[in-house]
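Before any comments, here is the structure.
Atoms considered below: every heavy atom in the structure, side chains included; atoms not considered: hydrogens, waters and symmetry mates.
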Amino acid sequence: MSNALDPAIAQRLKRTPDGLVCAVAQQRGTGEVLMVAWMDDEALHRTLTTRRATYYSRSRQQLWVKGETSGHTQYVHEVRLDCDGDTLLLSVDQVGAACHTGDRTCFDATVLLAGA
């Protein structure tokens with residue numbers, strides 16, 4: 001098994017200056033947005049080959065597998081690249097909380113504008 005991201009995929013990515021692409025994790029079946037994180041080429045390659053969501057921590061400057069320490073895992077069913085190549089959409093089965101605060105999603109806490 002290769003340790004590098006497929007060049008055809010890598011070529012389509014539009015990365016930040018530090019080499020990252022935004023990744024949105026969404027619950028498979030419901031469409032619930034769980035979290036937003038970042039991926040570098042290695043994180044995306046690992047996610048595509050293992051189906052375990054792997055992200056890049058900007059604060060720790062290292063890869064992390066979702067749920068590796070918490071047990072709150074994400075099994076990846078599908079990964080899509082948006083039309084601009086700067087955002088990934090992961091369709092996942094979330095086990096446990098997606099947010100580091102313990103909430104189901106990272107978007108449970110603060111509502112800035114409620115539905116009319």
Side-chain angles (χ1 to χ4, degrees):
M1 174 171 71
S2 171
N3 289 331
L5 184 61
D6 180 330
I9 295 171
Q11 179 181 331
R12 295 190 57 204
L13 297 176
K14 290 185 183 163
R15 300 166 190 81
T16 63
D18 49 354
L20 303 176
V21 176
C22 181
V24 178
Q26 187 176 41
Q27 177 62 49
R28 182 175 69 118
T30 68
E32 177 183 33
V33 177
L34 300 170
M35 59 179 278
V36 175
W38 296 93
M39 289 185 169
D40 63 5
D41 286 12
E42 185 177 355
L44 178 55
H45 171 72
R46 288 185 185 191
T47 298
L48 294 173
T49 56
T50 66
R51 293 189 177 264
R52 294 181 66 200
T54 304
Y55 301 106
Y56 185 82
S57 170
R58 295 178 298 168
S59 60
R60 295 185 308 247
Q61 296 190 351
Q62 66 184 33
L63 295 177
W64 58 280
V65 177
K66 182 68 175 166
E68 197 167 53
T69 56
S70 69
H72 299 166
T73 60
Q74 290 177 348
Y75 179 81
V76 181
H77 286 275
E78 185 176 76
V79 178
R80 292 177 178 247
L81 181 61
D82 79 337
C83 59
D84 295 327
D86 62 0
T87 305
L88 298 161
L89 179 63
L90 284 68
S91 176
V92 305
D93 280 335
Q94 176 70 45
V95 174
C99 188
H100 72 281
T101 64
D103 285 340
R104 166 85 182 142
T105 84
C106 293
F107 299 96
D108 279 349
T110 304
V111 177
L112 300 179
L113 179 65

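A distance of 10.5 Å separates CG in Leu81 from CG in Leu89, rounded to the nearest 0.5 Å. Rounded to the nearest 0.5 Å, atoms CG (Asp86) and CZ (Arg12) are 11.5 Å apart. The CG atom of Asp6 lies 9.0 Å from the CG atom of Leu48; values are rounded to the nearest 0.5 Å. Taking CG of Leu34 as the start and CD of Gln27 as the end, the distance is 5.5 Å to the nearest 0.5 Å. From Tyr56, atom OH reaches atom CE of Met39 across 14.0 Å, with rounding to the nearest 0.5 Å. Remark: Leu90 CG to Met35 CE distance equals 9.0 Å, nearest 0.5 Å.
Here the closest heavy-atom approach between residue Val21 and residue Lys14 is recorded as CG2-O, 4.1 Å. In this structure, Arg58 and Leu20 approach most closely via the heavy-atom pair CG-CD1, 3.6 Å. Across every non-hydrogen atom of Arg104 and Gly96, the tightest pair is NH1-O, 3.6 Å. Considering every non-hydrogen atom in both His45 and Ala4, the closest pair reads ND1-O, 3.1 Å. Closest non-hydrogen pair, Ala10 versus Asp41, comes out as CB-OD2, 4.2 Å. Looking at every heavy atom in both residues, Val36 comes nearest to Cys22 through CG1-SG, 3.6 Å.
In the hydrophobic clustering of this structure, Leu88 groups with Ile9; members are Ile, Leu, Val, Met, Phe, Trp, Tyr whose side-chain heavy atoms approach within less than 4.5 Å, directly or through other members. Val79 and Val24 fall into different hydrophobic clusters, where Ile, Leu, Val, Met, Phe, Trp and Tyr side chains are chained together by heavy-atom contacts under 4.5 Å.
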If you apply the rule side chain to side chain contact (heavy atoms under 4.5 Å, CB included), what do you find for Thr50 with Val65, and how did you get there?
CA-CA 10 Å; Thr50 66; Val65 177; over 6 Å; no
Let me see the working for Thr16 and Trp38 under side chain to side chain contact (heavy atoms under 4.5 Å, CB included), right down to the final yes or no.
CA-CA 10 Å; Thr16 63; Trp38 296 93; 3.7 Å; yes
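Looking only at distances, no side-chain donor or acceptor of Arg52 sits under 3.5 Å from a matching main-chain atom of Lys66. Panel note: side chain Asp40, backbone Ala43; a donor-acceptor pair is recorded below 3.5 Å. No donor-acceptor distance shorter than 3.5 angstrom exists from the side chain of Arg51 to the backbone of Tyr75, with no hydrogens or angles considered.
Two residues are said to be in side-chain contact when any heavy atoms from C-beta on lie closer than 4.5 Å; Asp108 and Thr101 fail this criterion.
Between the side chains of Gln26 and Arg80, no donor-acceptor pair is found at a separation under 3.5 Å.
More than 12 heavy atoms of other residues, nucleotides or ligands lie within 6.0 Å of CD in Gln62, so this atom counts as buried by the packing criterion.
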